[in-house]
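A short worksheet on the structure shown next.
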Amino acid sequence: MPTGLAPVVDDVTRVLVLGSMPGQVSLQKQQYYAHPRNAFWRIMGELIGFGGHADYPARLDALRASGIGLWDVLRLCDRPGSLDSAIVPVSMEVNDFEKLFTERPSIARVFFNGAKAEQVFQRLVAPNLARQPMYLRLPSSSPANAGVAYDAKLRAWRAVVDVG
């Protein structure tokens with residue numbers, strides 16, 4: 001079973017964006033949201049002002065400078081392909097959010113990139129947390145979420161940068 005990616009957080013991270021588990025392309029490249037049709041980096045580029053052709057380290061630097069971190073709810077799972085619907089429920093192992101939130105007390109808000117991330121977090125993580133940040137589900141940036149127009153995704157995702 002593949003293991004997820006390390007969290008992208010630092011001492012000034014105030015917002016955490018959580019996916020469910022990286023897809024095949026992201027795991028192969030060891031980069032968050034690496035599928036070329038995933039709208040995440042295009043959305044973040046528009047919201048925090050980096051160019052669409054920025055390399056991966058520059059994109060991560062821009063997120064960190066804006067107080068935005070990345071991680072996934074699942075540490076590992078069995079999933080043929082990249083669709084969240086294909087995750088085998090009995091194989092799910094969550095990341096250590098108690099440790100993360102203890103080590104990074106500046107994280108005040110969690111935004112879920114899609115329904116599966118929220119569902120798994122609320123079921124397997126939230127009941128065991130001593131500290132509960134504010135949560136909000138956003139429309140998935142995945143190309144599988146083609147039913148939501150890009151402009152609607154962009155409007156919803158603005159909440160990530162509007163955190164005061």
Side-chain angles (χ1 to χ4, degrees), residues 1-9 13-27 31-35 37-44 46-48 63 66-164:
M1 267 188 287
T3 302
L5 304 176
V8 176
V9 295
T13 301
R14 66 187 195 290
V15 168
L16 184 62
V17 175
L18 293 176
S20 56
M21 177 74 180
Q24 288 180 327
V25 175
S26 292
L27 290 170
Q31 296 180 359
Y32 283 97
Y33 305 108
H35 191 288
R37 289 191 1 235
N38 192 302
F40 178 81
W41 292 114
R42 179 178 170 201
I43 289 168
M44 288 292 106
E46 287 193 47
L47 295 178
I48 61 176
L63 287 180
S66 298
I68 301 168
L70 297 176
W71 209 14
D72 287 295
V73 176
L74 296 173
R75 184 178 75 78
L76 61 87
C77 69
D78 185 21
R79 174 178 60 190
S82 293
L83 295 177
D84 283 347
S85 60
I87 293 173
V88 178
V90 298
S91 71
M92 297 188 301
E93 290 185 26
V94 296
N95 279 309
D96 188 349
F97 287 94
E98 188 64 46
K99 179 179 179 187
L100 180 75
F101 292 149
T102 298
E103 292 177 353
R104 305 288 185 213
S106 60
I107 297 173
R109 297 206 183 214
V110 172
F111 292 90
F112 299 106
N113 188 350
K116 185 68 166 192
E118 180 189 37
Q119 290 164 357
V120 173
F121 187 92
Q122 295 294 3
R123 187 167 57 91
L124 300 178
V125 177
N128 303 310
L129 290 177
R131 181 173 73 87
Q132 297 283 333
M134 304 269 302
Y135 305 115
L136 180 65
R137 180 176 67 189
L138 299 171
S140 174
S141 63
S142 168
N145 188 22
V148 177
Y150 176 79
D151 289 343
K153 290 179 185 182
L154 181 63
R155 278 192 305 276
W157 278 79
R158 190 164 305 282
V160 173
V161 296
D162 288 345
V163 173

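Here, residue 1 is the first one in the sequence, and each next residue gets the next number.
Here the shortest heavy-atom pairing between Asp84 and Ser20 reads OD1-OG, 2.6 Å. Across all non-hydrogen atoms, the minimal contact from Val110 to Pro133 is CG2-CG, 3.9 Å. Taking all atoms of both residues into account, the shortest heavy-atom contact from Ile48 to Ile68 is CG2-CD1, 4.2 Å. Heavy atoms only, all atoms of each residue included: Gly4 and Leu27 are closest at CA-CD2, 4.4 Å. Leu74 and Val120 make their closest contact through CD2-CG1, 3.8 Å (heavy atoms, listed as atom of the first residue, atom of the second, distance). Here the shortest heavy-atom pairing between Ala130 and Glu98 reads N-OE1, 2.9 Å.
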Stepwise ring pair (Phe, Tyr, Trp, His ring centres under 6.0 Å) check, Phe40 with Trp157: CA-CA 9 Å; Phe40 178 81; Trp157 278 79; 5.7 Å; yes
From CA spacing to verdict: side-chain contact (heavy atoms from CB on, under 4.5 Å), Met21, Val73: CA-CA 7 Å; Met21 177 74 180; Val73 176; over 6 Å; no
side-chain contact (heavy atoms from CB on, under 4.5 Å) between Leu47 and Leu154, intermediate numbers included: CA-CA 8 Å; Leu47 295 178; Leu154 181 63; 3.8 Å; yes
Evaluation steps, side-chain contact (heavy atoms from CB on, under 4.5 Å), between Arg109 and Arg14: CA-CA 7 Å; Arg109 297 206 183 214; Arg14 66 187 195 290; over 6 Å; no
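Remark: side-chain polar atoms of Trp71 are paired, donor with acceptor, to backbone N or O of Leu5 under 3.5 angstrom. Proximity of a side-chain donor or acceptor of Gln132 to a complementary backbone N or O of Ala126 within less than 3.5 Å is detected.
Applying the side-chain hydrogen bond (donor to acceptor under 3.5 Å, both in side chains) test to pairs two or more places apart or on separate chains, those with a residue in residues 140-153 are Asn38-Ser141, Glu46-Tyr150, Asn113-Ser141.
Shown here is Arg131, whose CZ atom has more than 12 heavy atoms of other residues, nucleotides or ligands within 6.0 Å.
With sequence neighbours excluded, the residues forming a ring-ring contact (aromatic ring centres under 6.0 Å, His included) with Phe121 are Phe97, Phe112, Tyr135, listed by chain and number. Checked against side-chain contact (heavy atoms from CB on, under 4.5 Å), Ala6 has no partners two or more places apart in sequence or in another chain. For Arg123, the salt bridge (Lys or Arg N to Asp or Glu O under 4.0 Å) criterion is met by no residue, not counting sequence neighbours. Residues forming a ring-ring contact (aromatic ring centres under 6.0 Å, His included) with Phe111 (at least two apart in sequence, or on another chain): none.
Taking 4.5 Å as the limit, some side-chain heavy atom of Asp72 sits within range of a side-chain heavy atom of Pro22. Residues Leu100 and Ile107 are in side-chain contact: their nearest non-hydrogen atoms beyond the backbone lie under 4.5 Å apart. Inter-residue side-chain proximity for Leu16 and Phe101 is flagged as met; some heavy-atom pair is nearer than 4.5 Å. Contact check for Tyr33 versus Val25: no side-chain heavy atoms found under the 4.5 Å cut-off. For the pair Thr13/Arg104, no side-chain contact is recorded, criterion being any heavy-atom separation below 4.5 Å from C-beta on. The shortest side-chain heavy-atom distance between Gln31 and Ser26 does not fall under the 4.5 Å cut-off.
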Under 3.5 Å donor-acceptor pairs involving side-chain atoms of residues 85-94, not counting sequence neighbours:
from, atom 1, to, atom 2, distance (Å)
Ser91, OG, Asp78, N, 2.7
Ser91, OG, Val88, O, 2.6
Glu93, OE1, Arg75, NH2, 2.5

